[in-house]
Number of protein chains: 2
Amino acid sequence: MTASNGRPAAAEDTAGRDTVAAVVRQWQAVHPELDTGPMEVIGRINRCAALLQQAEDAPLRRAGLSRPEFDLLGALRRTGHELTPSELTRETYSSGAAVTKRLKVLTERGLVERRGDTRDRRVAHVRLTDAGRELVDGILPEQLAYETAVLSVIAPEGRGELAGLLADLLGRLESRTAGLRG
Amino acid sequence: MTASNGRPAAAEDTAGRDTVAAVVRQWQAVHPELDTGPMEVIGRINRCAALLQQAEDAPLRRAGLSRPEFDLLGALRRTGHELTPSELTRETYSSGAAVTKRLKVLTERGLVERRGDTRDRRVAHVRLTDAGRELVDGILPEQLAYETAVLSVIAPEGRGELAGLLADLLGRLESRTAGLRG
DNA sequence: AGGAAATGCTTTACAGGTAAAACACATGCT
DNA sequence: AGCATGTGTTTTACCTGTAAAGCATTTCCT
């Protein structure tokens with residue numbers, strides 16, 4: 001199902017219609033000797049991420065939350081138990097300093113609470129307040145419905161294939177914990 | 001090639017191994033009634049973007065450039081002619097203020113030059129200096145080689161399919177200029 | 001011609017992130 | 001016990017992006 005140039009037949013009706021394709025064409029014209037293949041994947045992932053985030057943020061913004069804030073609350077909700085700040089950095093893939101700042105804001109808004117560990121007084125335990133849990137539970141269905149609507153521009157089979165290919169890529173990227181040296 | 005649950009056979013050997021799958025499983029346990037399908041696509045795109053950018057930035061950083069700076073220089077290089085700041089905002093998908101700031105830095109570094117338009121004195125024209133063009137031309141091959149290496153974790157057919165599916169999604173997202181209301 | 005509106009760019013005020021240092025406490029070694 | 005080292009979290013200084021306001025200039029309309 002893949003043409004010699006690596007372009008699959010599935011995209012035939014919108015081929016060349018995205019901005020990344022145009023950018024790649026420009027590079028090819030200037031540097032015909034370079035293999036611009038990776039741009040077609042990485043450039044598109046980046047651009048899709050940017051566009052999706054922008055769209056996606058709308059329901060969150062109505063609730064007065066940024067995406068990183070929602071990610072933090074969501075981590076607490078989906079794990080179902082208290083998390084320490086360090087665990088939150090792992091769950092949300094953000095730095096400790098960023099988590100500290102978000103926790104400050106979310107605590108002031110009454111969405112999360114903290115308590116000190118009794119054994120080890122360095123560690124804190126963070127949990128959702130009732131208001132926090134209700135907020136997450138209220139937003140999530142809207143959020144998912146919204147995302148479904150955004151993704152409905154492509155066919156369900158395409159979505160499934162995309163999810164599978166991305167899972168494969170992501171799984172392999174994540175398993176090489178050490179970064180490649182270039 | 002798509003199972004009833006929308007998971008393609010292609011991902012079988014790494015199924016469930018990415019962190020997004022784990023997150024989705026947690027949500028399913030807490031809210032079994034919700035359709036978490038969109039997370040499998042959007043969550044993975046976001047996470048792939050984050051991981052790839054981190055990896056990808058290494059060769060740029062060695063040249064002392066951030067990705068947004070490189071994008072700006074790249075836009076000038078690939079179009080092959082001068083661009084105005086507004087054109088640069090379109091080419092790089094960033095705000096006018098951000099472009100102004102980057103131009104200031106890049107001008108100070110001697111990588112770009114600006115001249116005023118003779119007809120319309122509001123507009124500026126920005127072009128690469130020789131040093132700027134040499135920098136871009138020096139980095140680009142490294143950058144692409146690096147990206148190729150990163151993507152080599154998946155098979156070439158997968159890359160092609162992924163590029164095609166992303167092109168389709170991106171093309172459709174971009175063509176709906178107006179954002180969805182949620 | 002002349003003022004209102006539009007356009008291109010920059011400035012300002014501010015939000016939120018990061019890296020590195022700082023801090024508080026725990027743990028391990030001798 | 002007592003001190004070095006390690007760990008969990010916060011603080012600091014700074015960088016970069018954005019939204020909104022500001023400025024200069026052009027264009028439109030009568």
Side-chain angles (χ1 to χ4, degrees), chain A residues 46 49-51 53-58 60-61 64-73 75-76 82-109 111-127 179, chain B residues 46 49-51 53-58 60-61 64-73 75-76 82-109 111-127 179:
Chain A
N46 287 335
L51 280 177
Q53 297 228 12
Q54 192 185 346
E56 217 185 336
D57 284 351
L60 296 183
R61 280 209 160 346
L65 288 178
S66 67
R67 169 144 284 275
E69 286 169 340
F70 182 75
D71 285 347
L72 194 160
L73 297 177
L76 290 168
E82 295 181 333
L83 293 172
T84 67
S86 349
E87 287 168 336
L88 283 168
T89 65
R90 275 167 236 140
E91 291 295 330
T92 63
Y93 306 108
S94 40
S95 71
V99 167
T100 297
K101 287 186 182 181
R102 275 178 230 152
L103 284 177
K104 186 168 170 252
V105 170
L106 294 172
T107 305
E108 283 164 2
R109 284 202 216 165
L111 300 174
V112 302
E113 280 172 349
R114 35 197 321 166
R115 66 171 184 86
D117 187 291
T118 41
R119 307 270 175 131
D120 186 338
R121 290 193 311 198
R122 289 170 305 180
V123 338
H125 295 271
V126 181
R127 68 174 157 235
Chain B
N46 288 334
L51 280 178
Q53 296 228 13
Q54 194 186 344
E56 216 184 339
D57 284 352
L60 297 183
R61 283 211 158 347
L65 288 177
S66 68
R67 168 144 287 271
E69 286 169 340
F70 182 75
D71 285 346
L72 194 159
L73 297 177
L76 290 167
E82 293 181 333
L83 293 172
T84 67
S86 351
E87 287 167 336
L88 283 168
T89 66
R90 275 168 236 140
E91 292 294 332
T92 63
Y93 306 108
S94 42
S95 72
V99 167
T100 296
K101 289 185 182 180
R102 275 178 230 151
L103 284 176
K104 186 168 169 252
V105 170
L106 294 172
T107 306
E108 283 164 1
R109 282 203 217 164
L111 299 174
V112 302
E113 280 172 349
R114 37 196 322 163
R115 66 172 184 84
D117 187 290
T118 41
R119 306 269 175 132
D120 186 339
R121 290 192 310 194
R122 290 170 307 181
V123 337
H125 295 271
V126 181
R127 69 175 158 236

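Here is how names work: the chains are called A, B, and so on, in the same order as the sequence lines, proteins then strands, and each is numbered from 1. As the structure is a computational prediction, the values presented were derived from the model and not from experiment.
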Please work out if B:Thr84 contacts a base, only the sugar-phosphate, or nothing of the nucleic acid, heavy-atom cut-off 4.0 Å. sugar-phosphate

Whole-Å gap separating P (D:dT11) and CG (A:Leu103): 12 Å

Can you check the A:Arg109 CZ to C:dA15 C1' distance for me, whole Å? 12 Å

Under 4.0 Å: is that the gap between some side-chain N or O of B:Arg114 and OP1 or OP2 of C:dG8? no

Please figure out whether A:Thr118 or A:Tyr93 has its closest DNA chain C nucleotide nearer the 5' end. A:Tyr93

Selection from C:dT18, C:dA24, C:dG8 that lies nearest to any side-chain heavy atom of A:Ala98: C:dT18

Shorter than 3.5 Å, N or O on both sides, protein versus nucleotides 11-14 of chain C: list them out with atom names.
none

With the side chain defined as heavy atoms from C-beta on, B:Val123 is closest, among D:dG8, C:dG17, C:dG8, to C:dG8

Indicate, yes or no, whether a donor-acceptor pair under 3.5 Å links the base of D:dT7 to the side chain of A:Arg122. yes

Could you tell me whether the side chains of A:Arg61 and A:Ser66 share a donor-acceptor contact shorter than 3.5 Å? no

Decide, yes or no, whether a salt bridge links B:Arg121 with B:Asp117 under the criterion of side-chain N to carboxylate O below 4.0 Å. no

With a 4.0 Å limit, can you tell me whether A:Ser95 has a side-chain N or O closer than that to the phosphate oxygens OP1/OP2 of C:dG17? no

What's the closest nucleotide to the B:Pro68 side chain, out of C:dG17, D:dG17, C:dA6? D:dG17

Basic-acidic side-chain contact under 4.0 Å: B:Arg109, B:Glu69: yes

What is the distance, to the nearest angstrom, from the CD atom on A:Gln54 to the P atom on D:dT18? 10 Å

Measure the distance from CG on A:Leu83 to P on D:dG8 and round it to the nearest whole Å. 14 Å

Can you check the B:Asp120 CG to C:dG8 P distance for me, whole Å? 8 Å

How close or far is atom P of D:dT10 from atom CG of A:Leu88, stated in whole angstroms? 10 Å

What nucleotide, of C:dA26, C:dA6, C:dT10, holds the atom closest to the side chain of A:Arg121? C:dA26

Determine: side-chain N/O of A:Arg119 to OP1/OP2 of C:dA26, distance under 4.0 Å, yes or no. no

Smallest heavy-atom separation, B:Thr89 atom then B:Gly96 atom, equals CG2-CA, 3.5 Å

Side chains of B:Leu83 and B:Val126, heavy atoms from C-beta outward: is any pair under 4.5 Å? no

Just the rounded figure in Å: distance from C1' of D:dG17 to CG of B:Asp71. 14 Å

Any idea which heavy atoms bring A:Ser94 and A:Val99 closest together, and the distance? OG-CG2, 4.0 Å

Salt bridge check: are B:Arg122 and B:Asp120 linked by an N-O gap of less than 4.0 Å? yes

For A:Leu103 and A:Thr107, the nearest pair of non-hydrogen atoms, with its separation, is O-OG1, 2.5 Å

Roughly how many Å is it from CD in A:Glu108 to P in C:dA15, rounded to a whole number? 12 Å

